[in-house]
Amino acid sequence: SGVINWKPNYTQAGLYEFKIVGTDNDPKALNDTKIFKVEVINVNRKPELKTVSDQEIEENSNILLVDVDDKETGRDVDIDLEKITYSCSYNKDDKDSKKVNCKNIRGLNFSDNTGKLNWKPDFFQSGKYSFQITGSDGGNIKDISGNEKVSSDTVEFTINVKNKNRAPSIQEISNQIVNENENINEINLSDNSSLLVDINQVRPSNPNKGGDEDIDLQKIIYSCSFKKEGSDAKYNDCQGYLRGLLFNKTTGVMNWKTDFFMDGKYSFKVEAIDNDKENPLSDSFEFNITVNNVNRPPKLKEISNQKIKEN
């Protein structure tokens, strides 16, 4: 019948030249030939990315590796076997705010070629992060209105990084021995921890850790209690119960000038607690101050001389 029919599939784009020969059945057969071309125009199909599960982790923990692939091929090529190139953007805590490039996140690694995202948030990155990864095959497709647009697909997911509070770490305090009516060496409580990240990245507006801030840069409030050895007394608040002692709960500075009725060995317990809203933590340290007795000689009243007669 000379009828030819063909439905090219999605891998057969190109220019095809056909030759059809028609031959009669005469003993001296003759024939004729017609040549024509069929151009199969490429119809691009956009990638369709696998869904990505949301995650929740604590600070300083690795996320589960995110590996975005095409759902049809399971690889980084789409259904037309075209290479997919990826991009990643995010915003934090506000889903309606403008998303920015994921590479702005400290410690995050993202590959444009493989769609792999890995991240270990540090101790200053708590919050809810909304991610958007887009995969494009580099071509265009037409929308339902016939307008051309980039051939791509997008997947969205969230990573919720929960705050992990760390306790303050009070520097060591030396024991002291003083005499009655002497000043102790001033005691200035402070945190001795060191940050594991560059403070200029964490807090560029104030790139100096204060001694009264803990390792999470949270403000510390101090407390002080004491008891005198040799008694069954419980620990009491230093301020108000110990004559002459001054203690600042904000700065942790303690001064004390003993008087002549305070000899003995005093056991002190100081505590530093951070101002974390959800899980405040503390550290404590104990030290002694021994006050040596200073004896003072009696001082008799002056006695006036007298002059009397015998008997």
- Message: Any side-chain to backbone donor/acceptor pair from Trp256 onto Glu186? Under 3.5 Å, distance only.
- Response: no
- Task: Answer whether the closest heavy-atom distance between the side chains of Ile133 and Phe157 falls below 4.5 Å.
- Result: yes
- Query: For Phe110, is the NZ or CZ atom of Lys103 found under 6.0 angstrom from the centre of its six-membered ring and inside 45 degrees of the ring axis?
  - Reply: no
- So, Asp214 and Arg166, do they make that salt bridge, N to O below 4.0 Å? no
- Item | Lys92 (side chain) donor-acceptor with Ser126 (main chain) under 3.5 angstrom | yes
- Hey, quick one: are Val100 and Tyr129 part of the same hydrophobic cluster, counting side-chain heavy atoms closer than 4.5 Å, chains of contacts allowed? yes
- Item | Neighbour count above 12 (heavy atom, 6.0 Å) for Lys83 NZ | yes
- Message: To the nearest 0.5 Å, what is the distance between CG on Asp76 and OH on Tyr86?
- Response: 3.5 Å
- Quick one: pull up CG in Leu195 and CG in Asp198 and give me the separation to the nearest 0.5 Å. 9.0 Å
- Task: Quick one: closest heavy-atom pair of Ser169 and Asp191, and the distance?
- Result: N-OD1, 2.7 Å
- Message: Taking Glu48's backbone N and O only, do any of them form a donor-acceptor pair with Asp70's side chain (distance below 3.5 Å, no angle check)?
- Response: yes
- Check whether any side-chain heavy atom of Ile187 lies under 4.5 Å from a side-chain heavy atom of Gln176, and answer yes or no. yes
- Can you find a pair of side-chain heavy atoms, one from Gln132 and one from Asn91, that are under 4.5 Å apart? no
- Message: Can a side-chain donor-acceptor contact be found between Ser130 and Glu156 if the only test is distance below 3.5 angstrom?
- Response: no
- Query: Looking only at side chains, do Asn147 and Ser145 share a donor and an acceptor under 3.5 Å apart?
  - Reply: no
- So with a 6.0 Å cut-off around OH of Tyr241, is the heavy-atom count from everything else above 12? no
- Within a strict 4.5 Å, meaning less than it, do heavy atoms of the Phe124 and Asn163 side chains meet? no
- Query: Would Leu242 end up clustered with Ile173 when hydrophobic side chains under 4.5 Å apart are linked, directly or stepwise?
  - Reply: yes
- Under the side-chain contact (heavy atoms from CB on, under 4.5 Å) rule, what do Met262 and Leu245 come out as? Steps first, then yes or no, please. CA-CA 12 Å; Met262 305 185 90; Leu245 186 142; over 6 Å; no
- Nearest 0.5 Å, what's the CD-CG distance between Glu271 and Leu189? 11.5 Å
- Message: Side-chain heavy atoms nearer than 4.5 Å, only ILVMFWY residues, links allowed to pass through others: does that put Ile220 and Ile215 together?
- Response: no
- Between Tyr90 and Trp119, does a ring pair (Phe, Tyr, Trp, His ring centres under 6.0 Å) hold up when you go through it step by step? CA-CA 13 Å; Tyr90 83 101; Trp119 183 31; 8.2 Å; no
- Message: Could you report the tightest heavy-atom contact between Glu72 and Ile79, atom names first, then the distance?
- Response: CG-CD1, 4.3 Å
- Query: For the atom pair SG (Cys102) and CZ (Phe131), what is the distance rounded to the nearest 0.5 Å?
  - Reply: 5.5 Å
- Query: For atom CD of Glu278, is the number of surrounding heavy atoms from other residues, nucleotides or ligands below 6.0 Å larger than 12?
  - Reply: no
- Query: Looking only at heavy atoms, what is the nearest atom pair of Gly127 and Asn160, with distance?
  - Reply: O-OD1, 3.5 Å
- State, yes or no, whether a side-chain contact exists between Phe287 and Val270 at a heavy-atom distance under 4.5 Å. yes
- Task: Using the side-chain contact (heavy atoms from CB on, under 4.5 Å) rule, take Tyr266 and Lys227 through it: C-alpha gap first, then chi angles, then the decisive distance, then the call.
- Result: CA-CA 6 Å; Tyr266 295 80; Lys227 70 177 180 179; over 6 Å; no
- In terms of side-chain heavy atoms, does Asp274 have a donor or acceptor partner in Asn165 at a distance below 3.5 Å? yes
- Item | Lys219 side chain vs Thr250 backbone, donor-acceptor pair below 3.5 Å | yes
- Is the shortest distance from a Lys or Arg side-chain nitrogen in Arg45 or Asp80 to a carboxylate oxygen in the other one below 4.0 Å? yes
- Test side-chain hydrogen bond (donor to acceptor under 3.5 Å, both in side chains) applied to Ser267 and Glu286, step by step: CA-CA 7 Å; Ser267 297; Glu286 296 185 15; over 6 Å; no
- Can you hop from Ile184 to Phe247 via hydrophobic side chains spaced under 4.5 Å? yes
- More than 12 heavy atoms from other groups under 6.0 Å of NZ on Lys128: no
- Report yes or no: do Asp137 and Ser151 form a side-chain donor-acceptor pair below 3.5 Å? yes
- Just wondering, more than 12 heavy atoms not from Tyr235 lying within 6.0 Å of its OH? yes
- Item | Minimum side-chain heavy-atom gap Glu17-Ile35 below 4.5 Å | yes
- Message: Run the side-chain contact (heavy atoms from CB on, under 4.5 Å) test on Phe226 and Lys269 for me, step by step, so that the C-alpha distance in whole Å, both residues' side-chain angles and the decisive distance to 0.1 Å come before the verdict.
- Response: CA-CA 6 Å; Phe226 82 99; Lys269 182 188 293 183; over 6 Å; no
- Task: Show your working on side-chain contact (heavy atoms from CB on, under 4.5 Å) between Leu217 and Val202 and close with a plain yes or no.
- Result: CA-CA 10 Å; Leu217 299 180; Val202 174; 4.0 Å; yes
- Task: Write down the atom of Val68, the atom of Val52, and the distance for their closest heavy-atom approach.
- Result: CG2-CG2, 4.1 Å
- Measure from the side-chain N and O atoms of Thr258 to the backbone N and O of Asn181, and report whether any donor-acceptor pair falls under 3.5 Å. yes
- Query: If we only count heavy atoms from C-beta on, is the Cys224 to Gln239 side-chain gap below 4.5 Å?
  - Reply: no
- Query: For Tyr16, does its backbone N or O pair with a side-chain atom of Glu39 as donor and acceptor, under 3.5 Å?
  - Reply: no
- Going from OG on Ser190 to CG on Asn192, what distance comes out if it is rounded to the nearest 0.5 angstrom? 7.0 Å
- Any donor-acceptor pair under 3.5 Å from Thr73 side chain to Val77 backbone: yes
- Main-chain N/O of Thr251 paired to Asn248 side chain as donor or acceptor, under 3.5 Å: yes
- How many angstroms lie between atom CD of Glu180 and atom CZ of Phe261, to the nearest 0.5 angstrom? 8.0 Å
- Task: Decide salt bridge (Lys or Arg N to Asp or Glu O under 4.0 Å) for Arg203 and Glu213; before the verdict, give the C-alpha distance in whole Å, the side-chain angles of both, and the deciding distance to 0.1 Å.
- Result: CA-CA 13 Å; Arg203 193 175 64 185; Glu213 293 178 311; 2.8 Å; yes
- Message: On a heavy-atom basis, which atom in Ile20 and which in Phe36 lie closest, and how many Å separate them?
- Response: CD1-CE2, 3.4 Å
- Pair Asp153 + Lys46: basic N to acidic O under 4.0 Å: yes
- Can you find a heavy atom in the side chain of Lys162 that is under 4.5 Å from one in the side chain of Glu59? no
- Between Asn200 and Pro207 the two heavy atoms that sit nearest each other are OD1-CB, 3.2 Å
- Query: So if you build clusters from Ile, Leu, Val, Met, Phe, Trp, Tyr with side-chain heavy-atom gaps below 4.5 Å, do Trp6 and Tyr10 land together?
  - Reply: no
